[in-house]
Amino acid sequence: MNNSYLLESLNTAQRKAVSAPLESQLVLAGAGSGKTKVLIHRIAWLIKNYNINPSAILAVTFTNKAANEMRQRISNLLGDDLQGIWVGTFHGIAHRLLRRHGKYANLSDNFEIIDVDDQLRIVKKIIKEMNLDDQRYIPKKILSFINSKKDSGLRASHINPGYRYDIKVKVEIYKRYSIYCQQNSVVDFSELLLRVHELFLYNKWLLEKYQEKFKYILVDEFQDTNSLQYAWLRLLSGDNNNLMAVGDDDQSIYGWRGARIDNMHSFVKDCNNITPIKLEQNYRSSSNILQAANAVIAHNEDRFNKQLTSKLAEGEKIKIYAAVDDNDEAIYIANYVKKIAAKGDKWQDIAVLYRSNAQSRLLEELLVQNSVPYRIYGGSRFFDRAEVKNVIAYLRVICFEDSNLALERIINFPPRGIGEKTVEKIRENSENTNNSMWLSLTGLLADSNTPTNIISKLEAFKELILYFREQLQQLSFTDLVKQVIIKSQIIEHYKKDNTSGITRIENLEELVNACGQFANSMTEEGVTDTKEQICEFVDHVALDNKNKTDKQQDCVQLMTMHSAKGLEFKHVFITGMEEDIFPSRPAVEENNINEERRLCYVAITRAMRYLYISYSSIRTLYGYNRNSKPSRFIKEIPEELLEHVKLTSKVSVNSKRNFKFNTKKKYKSIFKTGTKVRHPKFGDGVVAASSGSGEQEKITIKFDQSIGEKTLVLKLANLTSIY
DNA sequence: TTTTAGACCATTTTT
DNA sequence: TGGTCTAAAA
């Protein structure tokens with residue numbers, strides 16, 4: 001049997017990783033070094049060269065996207081030989097284990113997965129119940145406290161609050177939160193992992209069974225694992241010495257979410273000081289770009305010390321543009337993007353990156369003005385939309401009779417006159433009797449103290465839900481969803497809303513499609529029961545919440561540097577390279593510069609051929625114009641790699657020169673007589689005269705005939721210049 | 001129950 | 001600045 005074909009397309013380091021001995025390995029995979037390729041070839045190698053049964057392999061990723069890609073690529077490489085392999089996200093795998101062995105983890109078999117939204121509702125409820133001041137105990141903060149404790153593997157009982165009263169309170173809330181979840185059979189994201197950890201910890205036979213099963217474990221993006229995930233992996237790996245961790249310490253940008261680069265160092269130690277295999281050959285970027293990336297990241301300490309090298313040519317220098325203000329920066333980008341496209345590259349070859357989402361607005365505005373097609377990544381995800389969640393809450397109530405959270409969400413949606421006090425009554429009764437709210441609701445109907453008008457409303461709601469439950473036997477999943485949307489009058493409700501009603505209805509149509517597709521694939525797998533399909537769907541939606549897919553194809557990609565991780569583009573613009581923007585202000589204050597620098601490294605290494613960096617002297621932030629300084633990261637790039645862009649455009653040159661003369665009178669510098677400006681209310685106009693200076697400066701602008709001339713205080717006028 | 005006005009606040013995001 | 005959330009008013 002000759003398996004050398006699995007190694008042929010690899011370089012030396014990759015080959016070393018793929019064909020490494022069957023022991024734990026740490027692979028340090030630099031940006032663009034073929035990390036995924038190594039992973040899938042390693043899996044193929046295990047199967048082909050060692051005759052390892054695919055079902056003995058567990059491959060763990062962070063995102064569904066990565067898991068899907070991996071599964072796809074292994075299957076392309078091996079054909080159908082991957083029967084039984086486990087490829088999934090941490091959460092997906094944990095979920096699978098809990099559905100199988102829930103009873104050993106003290107979970108009922110119909111537990112529900114809840115999202116942050118539901119979590120927050122629970123926390124708010126508890127804070128109210130405990131009569132706490134929600135200004136002092138801010139629900140969101142408390143929730144992140146709970147989640148971060150869970151992510152470090154800590155239960156409330158594990159936390160010693162010491163003498164700190166507020167921590168005592170937090171821990172108490174955490175405790176009550178856990179009790180609520182247990183009673184309601186709901187499990188949050190972190191809980192999935194925590195439960196599995198405990199499942200294995202307290203059921204040794206089960207752990208041994210899985211240790212026996214998974215002869216080989218691979219983890220992707222290892223630098224992003226948190227303490228709990230690492231503990232989880234170690235537990236599962238046991239003494240098998242069979243864990244291949246692939247990651248890049250330099251690309252660890254999720255520390256704020258609990259990720260610990262430290263796990264990489266611990267891993268080395270825990271594995272008897274294994275020598276990491278370094279993948280340093282980069283196949284993505286030209287060498288100037290890589291040199292810049294290397295130079296920047298070299299400022300961090302305690303690294304594993306990789307040095308990426310490129311076999312590609314030097315390539316273009318990094319173009320750096322010093323903008324007068326953020327508007328000017330956006331104009332520059334919009335114009336440059338058009339130039340790139342005019343030369344023949346596609347819009348989709350271009351990415352514009354920024355540190356924070358707020359920066360996208362201006363860019364977006366100017367791209368629109370210049371008729372450049374673009375797509376913004378991130379933002380609200382499909383299953384997070386209120387209208388979609390509401391329908392799913394209906395499905396939850398229909399399928400899980402006891403789902404209090406879902407019930408509360410829809411009992412008065414669309415508004416049917418069941419007010420807060422009635423809900424309160426139901427909730428109270430439910431708490432006193434230990435029944436679900438659904439049962440309490442039924443109880444209230446029989447209670448002679450309940451006012452008749454309330455009874456009729458509750459009765460109508462009950463009938464509605466009962467009707468849907470009946471239809472579970474008759475209707476397909478898709479038809480049931482349609483019925484829910486129509487019969488519950490959700491459509492009617494959104495039709496009345498003429499601001500966002502139409503898009504909401506469109507989203508619901510999309511939801512119906514999604515349900516249809518899901519139902520089809522379920523049917524193919526032999527799951528034909530509607531109720532069963534819905535249950536699976538609800539889980540699926542919770543664990544794989546895709547970004548809203550925009551159908552538009554060839555467009556410029558706008559996204560944060562974080563969401564750019566793992567992607568690559570021929571042209572990359574890194575914008576807002578200013579102190580307090582990038583590195584961001586909070587990061588500077590909290591002394592998290594190293595992570596910002598890694599983010600910078602990630603951003604730079606996204607570029608294949610052309611990298612453009614821009615910063616500006618004035619930036620509007622929170623409604624104020626602020627002077628900003630170039631980012632320290634710019635200085636960390638060797639000067640010889642940079643090319644400073646000078647614009648030939650007259651206006652920009654002028655405003656820049658004026659700006660230099662008048663650093664204090666920043667307003668006057670931009671709006672000289674004759675400058676074309678735009679006002680949010682009055683539209684476009686031309687500056688006719690100006691008086692005063694600094695913050696007192698007033699300018700007279702000639703607008704469209706219907707408006708005429710206006711004299712405005714410049715500072716308040718909110719003008720933008722149009723070049 | 002819905003609308004509106006004022007308060008407040010503000011990185012990064014997956015599951 | 002502007003988006004979100006809460007509390008008061010219609």
Side-chain angles (χ1 to χ4, degrees), chain A residues 60-67 88-95 113-117 119-120 124 134-135 138-141 144 147 150-151 187-194 221 224-226 228-229 252-259 326 353-362 377-381 383-384 386 412-421 457 493 496-497 499 539-547 559-566 576 580-590 592 595-596 598-600 602-603 619-626 680 715-716 718 720:
Chain A
V60 195
T61 63
F62 274 85
T63 65
N64 289 294
K65 196 180 159 204
T89 63
F90 276 102
H91 298 268
I93 286 160
H95 175 240
I113 302 168
I114 56 169
D115 63 5
V116 201
D117 219 73
Q119 283 191 287
L120 202 58
K124 280 182 181 162
D134 60 1
Q135 300 287 67
I138 299 161
K140 271 190 183 149
K141 294 243 168 92
S144 55
N147 281 335
K150 285 191 169 195
D151 285 341
V187 170
D188 61 49
F189 291 127
S190 311
E191 185 74 24
L192 287 167
L193 300 180
L194 198 46
E221 305 278 16
D224 288 339
T225 49
N226 61 33
L228 178 57
Q229 285 158 340
S252 164
I253 54 174
Y254 288 109
W256 50 276
R257 213 166 71 184
D326 40 7
L353 310 183
Y354 35 81
R355 176 64 238 263
S356 74
N357 289 306
Q359 288 165 255
S360 70
R361 187 177 308 152
L362 240 193
Y377 268 71
S380 75
R381 282 169 303 157
F383 293 115
D384 278 345
N412 197 32
F413 176 83
R416 50 172 71 87
I418 302 176
E420 192 49 42
K421 352 170 206 51
K457 285 168 183 165
H493 175 255
K496 279 183 257 169
D497 173 4
T499 40
D539 278 351
H540 170 79
V541 155
L543 290 171
D544 190 2
N545 190 350
K546 288 189 189 62
N547 271 322
M559 67 188 88
T560 64
M561 300 178 194
H562 280 90
S563 27
K565 194 175 140 203
D580 283 0
I581 300 289
F582 186 42
S584 77
R585 193 177 189 144
V588 175
E589 278 165 2
E590 289 157 39
N592 292 329
E595 184 154 309
E596 295 288 292
R598 292 193 290 269
L599 184 58
C600 185
V602 168
R619 184 166 296 271
T620 315
L621 197 62
Y622 307 144
Y624 293 101
N625 276 334
R626 302 160 25 136
K715 191 186 175 226
L716 306 172
N718 185 23
T720 40

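Convention: sequence-line order gives letters A, B, ...; per-chain numbering from 1.
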Whole angstroms only, please: what is the CG-P distance between A:L353 and B:dT13? 12 Å
Is A:S356 near enough to B:dA10 that one of its side-chain N or O atoms lies under 4.0 angstrom from OP1 or OP2? no
For A:W256 and B:dT12, are the ring centres under 5.5 Å apart with planes inclined under 30°? yes
Salt bridge check, A:D544 against A:K65: does any charged N sit closer than 4.0 Å to a carboxylate O? no
For B:dT15, take OP1 and OP2 only and decide whether either is under 4.0 Å from a side-chain N or O of A:N64. yes
Strictly below 4.0 Å: does A:N357 bring a side-chain N or O up to OP1 or OP2 of B:dT12? yes
Closest-nucleotide mapping onto DNA chain B: is A:R585 or A:G417 further toward the 5' terminus? I mean the 5' end. A:G417
Nearest-angstrom distance, C1' atom, C:dT6 to B:dT11: 25 Å
Candidate nucleotides B:dT15, B:dT11, B:dT13, ranked by approach to the side chain of A:S584 - the nearest: B:dT11
Atom C1', compared across B:dT14 and C:dG3: separation rounded to whole Å: 23 Å
Taking OP1 and OP2 of B:dT13, is either one under 4.0 Å from a side-chain nitrogen or oxygen of A:T560? yes
Looking for any heavy atom pair under 4.0 Å, which part of the strands does A:P415 touch: base, sugar-phosphate only, or nothing? sugar-phosphate
Establish, with yes or no, whether the OP1 or OP2 oxygen of B:dT1 is under 4.0 angstrom from a side-chain nitrogen or oxygen of A:N412. yes
Taking the side chain of A:Y622 as its heavy atoms from C-beta onward, which of B:dT12, C:dT1, B:dT15 lies nearest to it? C:dT1
Nearest listed nucleotide, side chain of A:F189, among B:dT11, B:dT15, B:dT13: B:dT15
Euclidean distance, atom NZ of residue A:K140 to atom C1' of C:dG3 [Å, nearest integer]: 11 Å
Do A:R626 and A:Y624 form a cation-pi contact, if we require the NZ or CZ to be under 6.0 Å from the six-membered ring centre and within 45 degrees of the ring's axis? no
Is there a side chain to side chain donor-acceptor pair (under 3.5 Å) between A:Q229 and A:D151 once you walk through the steps? CA-CA 8 Å; A:Q229 285 158 340; A:D151 285 341; over 6 Å; no
Using the P atom as the point on both nucleotides, what is the distance between C:dC5 and B:dT12, in whole Å? 15 Å
Closest approach to the side chain of A:K124, judged atom by atom: which nucleotide of B:dT11, C:dT6, B:dT13 is it? C:dT6
Are OP1 or OP2 of B:dT15 and a side-chain N or O of A:R257 less than 4.0 angstrom apart? no
Whole angstrom value for the distance that separates P of B:dT13 from CD of A:E595: 12 Å
Closest of B:dT15, B:dT11, B:dT13 to the A:E596 side chain is B:dT11
With rounding to the nearest 0.5 angstrom, report the CG to OG distance, A:L621 to A:S356. 7.5 Å
Under a 3.5 Å limit for both distances, which nucleotide forms a Watson-Crick or G-U wobble pair with B:dT13, could you say? none
Which of these nucleotides, B:dT14, B:dT1, B:dT13, is closest to any side-chain atom of A:R381? B:dT14
To the nearest 0.5 angstrom, please state how far the CZ atom of A:R257 sits from the OG atom of A:S144. 14.0 Å
Side chain of A:R361, heavy atoms from C-beta onward: which of B:dT15, C:dG2, C:dT6 has the nearest atom to it? C:dG2
Distance alone, cut at 3.5 Å: any donor-acceptor contact between the side chains of A:Q119 and A:N147? yes
DNA chain B: 5'-proximal contact among A:R416 and A:E590 (nearest heavy atom): A:R416
